[in-house]
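Comments concern the structure below.
Sequential numbering from 1 along the given sequence is applied to the chain's residues. Quick caveat, the model's predicted, so the values are computed rather than measured.
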Amino acid sequence: MTTDGSVASAGGVASAGNGVAAAGGGGVIHDLGYRRYEGQRLGRPGIIRALYWHSLRSAFGIGRGARAKIVPILAFILMCLPAIVNAVSVAQHPGSAPIVDYDTYTYRLRSLIVLIFIAAQAPEMVSRDLRSHVLPLYYSRPLRRLDYPLAKYAAFTAACLLLIEIPLIILYLGNVLSAGGGSAVWHQTKALIPGLGVGLLWAVLLAAIGLVLASFTGRRAYATGLIAIYFFLTWILATIMINIASHGAGLGPPGPPGSQLNASLGARLSGLISPFTVLDGVRRWLGGTNPGPVPDPRSAGWAYGLMFLILLGASLGGLAARYRKVGAS
């Protein structure tokens with residue numbers, strides 16, 4: 001007895017209805033009614049867009065459990081706190097100068113929060129796929145070798161950009177709402193634009209470094225440790241060397257390091273060690289006037305621009321090489 005009630009005799013042929021074809025030897029062929037896909041095929045661009053959107057959501061723990069959202073939410077709240085405090089301050093004291101600058105924001109707090117965010121979320125972007133060995137599934141579709149790391153890098157850069165730029169927008173809105181007149185609003189707008197540009201430099205470079213370090217291992221804990229150690233140790237080492245070079249030049253400790261106008265060449269170049277101080281050196285080289293951790297590089301500013309390009313090129317090149325190797329294995 002077949003599933004539709006028709007009888008297939010042994011060694012004979014029986015008629016079958018409703019999508020059931022009878023065959024000799026007691027076998028029955030069932031037509032399950034599969035249909036060909038006749039909709040639009042998005043192809044490679046659609047795959048890249050889907051991978052980008054999924055990765056961007058993963059960077060903030062969206063679509064995952066509550067534990068995956070803890071670090072992104074805390075990082076975002078802490079990053080916005082200086083802007084909120086500034087808004088309250090200027091609202092209570094109209095006409096007073098803002099306590100937070102656009103281009104430097106709160107340098108140490110921003111550096112620490114971005115470090116934690118990248119160390120926690122960069123492995124989420126790439127390490128899980130490496131450990132689960134799902135990359136062959138991605139590459140079985142019409143996807144080129146570099147499309148996967150490109151989509152991951154674009155998504156993580158966007159995530160870092162949101163983390164850095166949204167507090168600047170809040171800072172700007174707080175200052176504008178307390179500004180007196182159109183000239184004050186225009187002054188705040190002119191100050192905001194360079195700050196947004198600095199934030200873009202931060203996101204572009206730090207996202208690339210975080211992803212390439214995370215791609216070295218499929219174990220998330222190892223990747224997090226590797227990223228944290230690299231960023232933290234280079235940051236501490238650069239700070240120590242800047243202080244030693246500045247004090248060795250007889251400049252003394254008054255004011256933040258960036259306010260020392262007569263810093264020695266060693267102090268001006270000591271920031272080349274860490275990505276964070278490289279970014280501040282590029283900011284000063286491009287015209288930033290607010291003091292930061294790096295003394296004004298002046299004529300040596302090109303070295304920070306060159307180091308920025310070297311770090312970015314090495315990170316993106318390493319990421320591409322890593323996934324060429326993984327895709328070929």
Side-chain angles (χ1 to χ4, degrees), residues 48-49 51-62 68 71-76 78-79 103 105 107 109-130 146-169 195-218 220 222-232 234-235 274-283 304-305 307-323 326:
I48 296 176
R49 286 194 300 268
L51 185 57
Y52 167 85
W53 180 242
H54 171 74
S55 301
L56 181 59
R57 287 165 51 88
S58 297
F60 292 102
I62 300 175
V71 172
I73 291 176
L74 288 180
F76 183 75
L78 292 176
M79 188 72 87
D103 56 349
Y105 198 60
Y107 173 80
L109 179 63
R110 175 195 270 183
S111 300
L112 182 60
I113 293 175
V114 171
L115 187 157
I116 294 174
F117 179 79
I118 292 177
Q121 300 308 113
E124 177 69 24
M125 304 288 285
V126 296
S127 296
R128 295 177 64 201
D129 288 347
L130 290 171
L146 296 184
D147 290 342
Y148 177 89
L150 177 63
K152 291 289 184 178
Y153 173 63
F156 199 45
T157 300
C160 294
L161 202 60
L162 292 174
L163 179 69
I164 295 172
E165 304 287 39
I166 290 180
L168 294 181
I169 301 298
L196 295 177
V198 171
L200 177 62
L201 294 178
W202 276 60
V204 166
L205 179 61
L206 298 180
I209 296 176
L211 284 182
V212 72
L213 292 177
S215 67
F216 288 153
T217 176
R220 179 171 179 175
Y222 294 168
T224 297
L226 179 62
I227 295 170
I229 290 172
Y230 170 76
F231 279 125
F232 188 74
T234 55
W235 184 21
S274 169
F276 294 115
T277 49
V278 166
L279 287 164
D280 191 69
V282 171
R283 177 189 66 85
Y304 284 93
M307 180 58 69
F308 175 89
L309 295 177
I310 291 174
L311 288 174
L312 181 61
S315 299
L316 294 180
L319 194 63
R322 171 62 173 156
Y323 279 94
V326 171

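- Rounded to the nearest 0.5 angstrom, Leu311 CG and Leu316 CG are separated by 11.0 Å.
- Evaluation of the side-chain contact (heavy atoms from CB on, under 4.5 Å) rule for Leu226 yields Leu213, Phe216 as partners, not counting sequence neighbours.
- Here Ala214 pairs with Ala122, Pro123, Val126, Ser127, Ala223, Ile227 under the side-chain contact (heavy atoms from CB on, under 4.5 Å) rule; sequence neighbours left out.
- Listed here is the closest heavy atom pair of Pro275 and Ile209: CG-CD1, 3.8 Å.
- The side-chain contact (heavy atoms from CB on, under 4.5 Å) test applied to Ile166 returns Phe76, Leu162, Ile170, not counting sequence neighbours.
- Checked against ring pair (Phe, Tyr, Trp, His ring centres under 6.0 Å), Phe276 has the following partners two or more places apart in sequence or in another chain: Trp202, Phe231, Trp235.
- The two residues Ala159 and Ala59 come nearest to each other via the heavy atoms CB-CB, 3.7 Å.
- Across all their heavy atoms, Asp103 and Arg110 have their closest contact at O-NH1, 3.8 Å.
- Atom-to-atom distance recorded for Ile164:CD1 and Ile169:CD1 is 13.0 Å, nearest 0.5 angstrom.
- The two residues Leu211 and Met125 make their nearest non-hydrogen contact at CD2-CB, 3.9 Å.
- With rounding to the nearest 0.5 angstrom, the CD1 atom of Ile116 is 10.0 Å from the CZ atom of Phe232.
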Worked verdict on Val114 versus Cys160 for side chain to side chain contact (heavy atoms under 4.5 Å, CB included): CA-CA 8 Å; Val114 171; Cys160 294; 5.6 Å; no

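- Within the structure, side-chain hydrogen bond (donor to acceptor under 3.5 Å, both in side chains) contacts touching residues 114-125 (residues at least two apart or in different chains) are Arg64-Glu124, Glu124-Arg128, Glu124-Arg220.
- Checking side-chain atoms of Tyr323 against main-chain N and O of Leu150 turns up no donor-acceptor pair under 3.5 Å.
- Thr157 places no side-chain N or O within 3.5 Å of a backbone atom of Val204 that could act as its donor or acceptor partner.
- Leu319 places a side-chain heavy atom less than 4.5 Å from the side chain of Ser215.
- Residues passing the side chain to side chain donor-acceptor pair (under 3.5 Å) test with Ser55, sequence neighbours excluded: Lys152.
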Stepwise side chain to side chain contact (heavy atoms under 4.5 Å, CB included) test for Leu279 and Leu206: CA-CA 10 Å; Leu279 287 164; Leu206 298 180; 4.1 Å; yes

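- Once rounded to the nearest 0.5 Å, the distance linking CH2 of Trp53 with OG of Ser58 reads 11.0 Å.
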Residues Met307, Val282; criterion side chain to side chain contact (heavy atoms under 4.5 Å, CB included); working and verdict: CA-CA 9 Å; Met307 180 58 69; Val282 171; over 6 Å; no

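- Looking at residues two or more places apart in sequence or on another chain, you find no side-chain contact (heavy atoms from CB on, under 4.5 Å) involving Leu309.
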Side chain to side chain contact (heavy atoms under 4.5 Å, CB included) evaluation trace for Tyr107 with Thr277: CA-CA 10 Å; Tyr107 173 80; Thr277 49; 3.8 Å; yes

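- Residue Phe156 holds its CZ atom at 10.5 Å from CG of Leu56, rounded to the nearest 0.5 Å.
- In terms of heavy atoms, Leu312 sits closest to Ala208 at CD1-CB, 4.0 Å.
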